Amino acid sequence: MESRYKSYKNIENLKDYIGETITLNGWVHNKTEKGKLVFIMLRDGSGFVQCVVFKGNVSEEIFENAKRLTQETSISLTGSVREDNRAPGGFEIDVTDLKIYHLAKDYPITPKEHGDAFLLENRHLWLRSSKQMAIMRVRAAVIKAIRDFFDGNGFKLMDSPILTPSACEGTSTLFETKYFDLGSAYLSQSGQLYAEASCMALGKVYTFGPTFRAERSKTRKHLTEFWMVEPEMPFFDLNDDMDLAEDLVEYIVRYCLKTCQKELEVLERDTTKLEKIKRPFYRMSYTEAVDWLHKNNIPLKKKIDGQEVDILPFPWGEDFGAVQEEAIMEQFDKPCIIHRYPAEAKAFYMKRDPENPKVVLAMDMLAPEKSGEIIGGSQREDDYDALYQRIVEHNLPLEAFQWYLDLRKYGSVPHSGFGLGVERTVKWITGAAHIRETIPFPRMIYRIVP
RNA sequence: UCCUGAGUAGCUCAGCUGGUUAGAGCAUCUGACUGUUAAUCAGAGGGUCGGGGGUUCAAGUCCCUCCUCAGGAGCCA
C-alpha cells in the first residue's frame, strides 16, 4: 500500500523478501558474540529474526558497534534475507549496515527466570517478552473476532457510559468518584441496562468497553478493571440467547486457530483441545447440575465459625463455587451452559421461569480446562409490575431505576443478552497462567502501577 | 475480608544448632573464539540480609511489631 508516512518492512513478512536487501527497525532481543561473528536476535513487534554480522563483511566501525549492542538497544539494520535452517524461525539476515538509535543500559529483564512481583513491576517492559507479545496478539485477535461476529450478524455497536449514577446490580462494590455538584458517580460495572435501552431503539446491539468492580477478590481469575462485550437482543428468549452465546464463542476460537497459529505455538498451547470447540456445546439446568453433584458426592464447602465444613448432599438453592464448577466441567471437552438458576442467588432484572417461579431464565457458560465462567446472561424481566416489585425486594433506590422501568412502560418486549469477559476468554484460549497476563496493564486489588 | 507462604547482590536463590571477612548461577564490565540461538572459557566489580525494636559476649539466623509481595477461599466476567 502506498502511504504518506514512512512504512517499514516487517519481520513477519520476511518470506516475501528472500534474496533482497532490506532495512529493518527494531530492538535487540538478545546478542551473542563468537569471535568474528555477532548474532543479533532482532525484535520488531511483528516477530523475531536472527541477524548475523561477520567481521569480513562490514567496516571496522560497524563491527565494533555490533559488539557494543546490549539487550533492548534500538537499531536499524540493513542486510540480505536468506533462508537458513540454523536460525530460529528459518530466516536470517546477513548484515551489511547497522545504525544505533539508542544504546540501552542494564535492561532489567534477562532471558532467565523472574518472579511474578518483579515482572509485574516491570510490566511496561515485560510486554516485550515473546510470550507476552503472543498473548497480546491473541487478545487483539479475540477482540477482532468479537467485532467481526457482531458487525457481520446485524448488530449495532452502542457504547454505554462509564460514569454512572448508581449500581446496575446493587450487589457488587463500585468505584466511587466525585461528580461536580451532583454528588457521586460510579465507574460502570456493566453496560447492560443501557444496552437494554439501546436495543429498544436499534434492534440487536452490543456494547463493548471496560468495566470496573471494586470487589476485594484476589485470584487468578479477577481484575478490578476488565473488558466485557455485552450483546442485547429484542425478541430473543433464553434459548436464542444461549444459541447466540455458543455461536460467538465458537467463532472466536475458530478465528484464533485460523490467525494465531504462531502465537499459540510460542505459548505451547495444545491446540487439539481448541479444535474440539464446535457446536453444539453442552447444556444442563441448574437442577440437573445439582442432581449430578448428588450422584457424584460433591459437597458444598462452607465456612462456619472459621471452620470449613462439607455439606452433603449439595443443597438446592446454593450458588456453585470453584469446587462444584471444576467437578462438573471435568467431564467436558467443550464449554457447558448451565441455565435456570435459583432466583434468590441471581440479579433483580432476570425474568422468572413461567414454568417454575423458583428459578430465573439465566445462563452461565463455563469453559473447559478449569477456565471457569466466561459468560453470564439472562432473559430480562419485561413486565413492569414484576420488575417494580423486584427493585423493591432488592432494596434498590426506585428513583434511580425510573428510566429503566420506562422501558417496560413503552412497548416492552421479551429481550435477552449476556456479557462475555474478554480477559477470561483470552486466558482460556492462550492457556495463560494468570488473568493479569491477558491485559496490557492489569489493575488488581494490590497493584495499580505501572 | 479470611487462611497460608515469602522478603538475602540488578534477577533467581542457598545460607545447618546464633559464632571469623555473607555465597552460587545469571545479568554487567574486560579478554578469547566463524554458527551462537538461556553459547562456552578466563578474570573483575557488585550487599542498609524488607523497616523498627528486643534477647545475647555475638543475630541474615531467636522473639515482638509494622510494611511489601505471592498463592488460595468467598464474590463475579
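Since the structure is predicted, the reported quantities are computational estimates derived from the model, not experimental observations. Side chains are part of it too, since the values below use all heavy atoms of this structure and drop only hydrogens, waters and symmetry mates. So that the names make sense, note that chain A is the first sequence line, chain B the second, and so on, each numbered from 1.
Summarising the local packing, CD of A:Glu393 is surrounded by more than 12 heavy atoms from other residues, nucleotides or ligands at distances under 6.0 Å. Heavy-atom neighbours of A:Glu64 CD from other residues, nucleotides or ligands within 6.0 Å: above the threshold of 12.
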For residues 50-58 of chain A, please give each side-chain donor-acceptor pair under 3.5 Å, one per line with the distance, not counting sequence neighbours.
unit_1  : atom_1 : unit_2  : atom_2 : d
A:Gln50 : NE2    : A:Glu92 : OE2    : 2.9

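Rounded to whole Å, the separation between the P atoms of B:U12 and B:A27 comes to 15 Å. The C1' atoms of B:A9 and B:G46 are separated by 6 Å, rounded to the nearest whole Å. If you take atom P in B:C11 and the same atom in B:G51, they sit 15 Å apart, rounded to whole Å. Comparing the C1' positions of B:C16 and B:A38 gives a spacing of 32 Å, expressed to the nearest Å. Using atom P as the reference point in both B:U20 and B:C64, the two lie 25 Å apart (nearest Å). Nucleotides B:C3 and B:U65 are separated by 14 Å at their P atoms, to the nearest Å. Taking the P atom of each, B:A77 and B:C63 are spaced 45 Å apart, rounded to whole Å. B:A39 and B:C33 are spaced 11 Å apart, taking the C1' atom of each and rounding to whole Å.
There is no side-chain donor-acceptor pair under 3.5 Å between A:Gln192 and A:Glu232.
With respect to the salt-bridge test (charged N to carboxylate O, under 4.0 angstrom), the residues A:Lys358 and A:Asp353 do not qualify. In summary, A:Arg43 and A:Glu72 engage in a salt bridge, as defined by a charged side-chain N under 4.0 Å from a carboxylate O.
At whole-Å resolution of the value, NZ in A:Lys131 and P in B:A38 are 12 Å apart. As a whole-Å value, the separation of A:Glu215 CD from B:C2 P is 17 Å. In this structure, NZ of A:Lys370 is placed 14 Å from C1' of B:G72, rounded to the nearest angstrom. Per the geometry, NZ belonging to A:Lys301 stands 13 Å off C1' belonging to B:G72, to the nearest Å. To the nearest angstrom, P of B:U37 lies 13 Å from CG of A:Leu37. Atom CE in A:Met41 sits roughly 12 Å away from atom C1' in B:G35 (whole-Å rounding). A:Met350 places its CE atom 11 Å from the C1' atom of B:C76, with the value rounded to the nearest Å. Note: CH2 (A:Trp126) to P (B:G10) measures 22 Å, nearest angstrom.
The nearest pair of heavy atoms linking A:Thr224 to A:Met444 is OG1-N, 3.9 Å. Taking every heavy atom of both residues into account, A:Pro440 and A:Pro442 meet most closely at O-CD, 3.5 Å. Between A:Phe314 and A:Val290, the closest heavy-atom pair is O-CG1, 3.9 Å. Residues A:Tyr286 and A:Glu318 approach most closely at OH-O, 2.6 Å, considering heavy atoms.
Residue A:Ile109 is out of contact with every strand shown, counting any heavy-atom pair closer than 4.0 Å. As judged by a 4.0 angstrom heavy-atom cut-off over every strand, A:Glu92 is placed among the base-contacting residues. In this structure, A:Pro108 reaches neither bases nor backbone, as no heavy-atom distance under 4.0 Å exists between it and the strands shown. Among the atoms of the strands shown, only primed sugar atoms or phosphate atoms (P, OP1, OP2) are found under 4.0 Å from some heavy atom of A:Asp319. Using a 4.0 Å heavy-atom cutoff across all strands shown, A:Gly321 reaches sugar-phosphate atoms only and no base atom.
Among the candidates A:Asp97, A:Thr23, A:Thr21, the single residue satisfying the side-chain hydrogen bond (donor to acceptor under 3.5 Å, both in side chains) test with A:Thr78 is A:Thr23. If you run salt bridge (Lys or Arg N to Asp or Glu O under 4.0 Å) between A:Lys131 and each of A:Glu268, A:Glu263, A:Glu437, only A:Glu268 comes through. Of the listed residues (A:Ser198, A:Ser160, A:Ser190, A:Ser188), just one forms a side-chain hydrogen bond (donor to acceptor under 3.5 Å, both in side chains) with A:Thr207, and that residue is A:Ser160.
Stacking between A:Phe226 and the base of B:A77 is present: ring centres sit under 5.5 Å apart and the planes differ by under 30 degrees.
Among the nucleotides B:A77, B:U36, B:A73, the one closest to the side chain of A:Thr219 is B:A73. Distances from the side chain of A:Ser217 to the nucleotides B:G74, B:G35, B:A77 place B:G74 closest.
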Please enumerate all protein N or O atoms sitting under 3.5 Å from an N or O of nucleotides 45-49 of chain B, with distances to 0.1 Å.
none

Polar-atom pairs under 3.5 Å, protein N or O versus N or O of nucleotides 67-71 of chain B: list them with distances, or write none.
unit_1 : atom_1 : unit_2   : atom_2 : d
B:C69  : OP1    : A:Tyr446 : O      : 3.1
B:G71  : OP1    : A:Arg436 : NH1    : 3.1
B:G71  : OP1    : A:Arg436 : NH2    : 3.0
B:G71  : O3'    : A:Arg220 : NH2    : 2.9
B:G71  : N7     : A:Lys218 : NZ     : 3.3

Write down the protein N/O and nucleotide N/O pairs, taken from nucleotides 25-33 of chain B, whose separation is under 3.5 Å; answer none if there are no such pairs.
unit_1 : atom_1 : unit_2  : atom_2 : d
B:C33  : N3     : A:Gly35 : N      : 3.3

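In this model, a side-chain donor or acceptor of A:His222 finds a partner on the base of B:C76 within 3.5 Å.
Each of A:Phe118 and A:Arg216 was matched to the nucleotide of RNA chain B holding its nearest heavy atom; the match closer to the 5' end belongs to A:Arg216. When each of A:Gly115 and A:Asn30 is assigned the nucleotide of RNA chain B with its nearest heavy atom, A:Gly115 is the one assigned upstream, toward the 5' end.
By the 30° and 60° cut-offs, the orientation of the rings of A:Phe401 relative to A:Tyr404 is perpendicular.
In secondary-structure terms, RNA chain B builds stems of at least 3 consecutive Watson-Crick or G-U pairs, each pair having both distances under 3.5 Å, at B:1-7 with B:67-73, B:10-13 with B:23-26, B:28-32 with B:40-44, B:50-54 with B:62-66.
Among residues at least two apart or in separate chains, side-chain hydrogen bond (donor to acceptor under 3.5 Å, both in side chains) pairs with a member in residues 98-107 of chain A are A:Asn25-A:Tyr101.
A:Lys156 forms no cation-pi arrangement with A:Tyr206, by the criterion of a distance under 6.0 Å to the ring centre and an angle within 45° of the ring axis.
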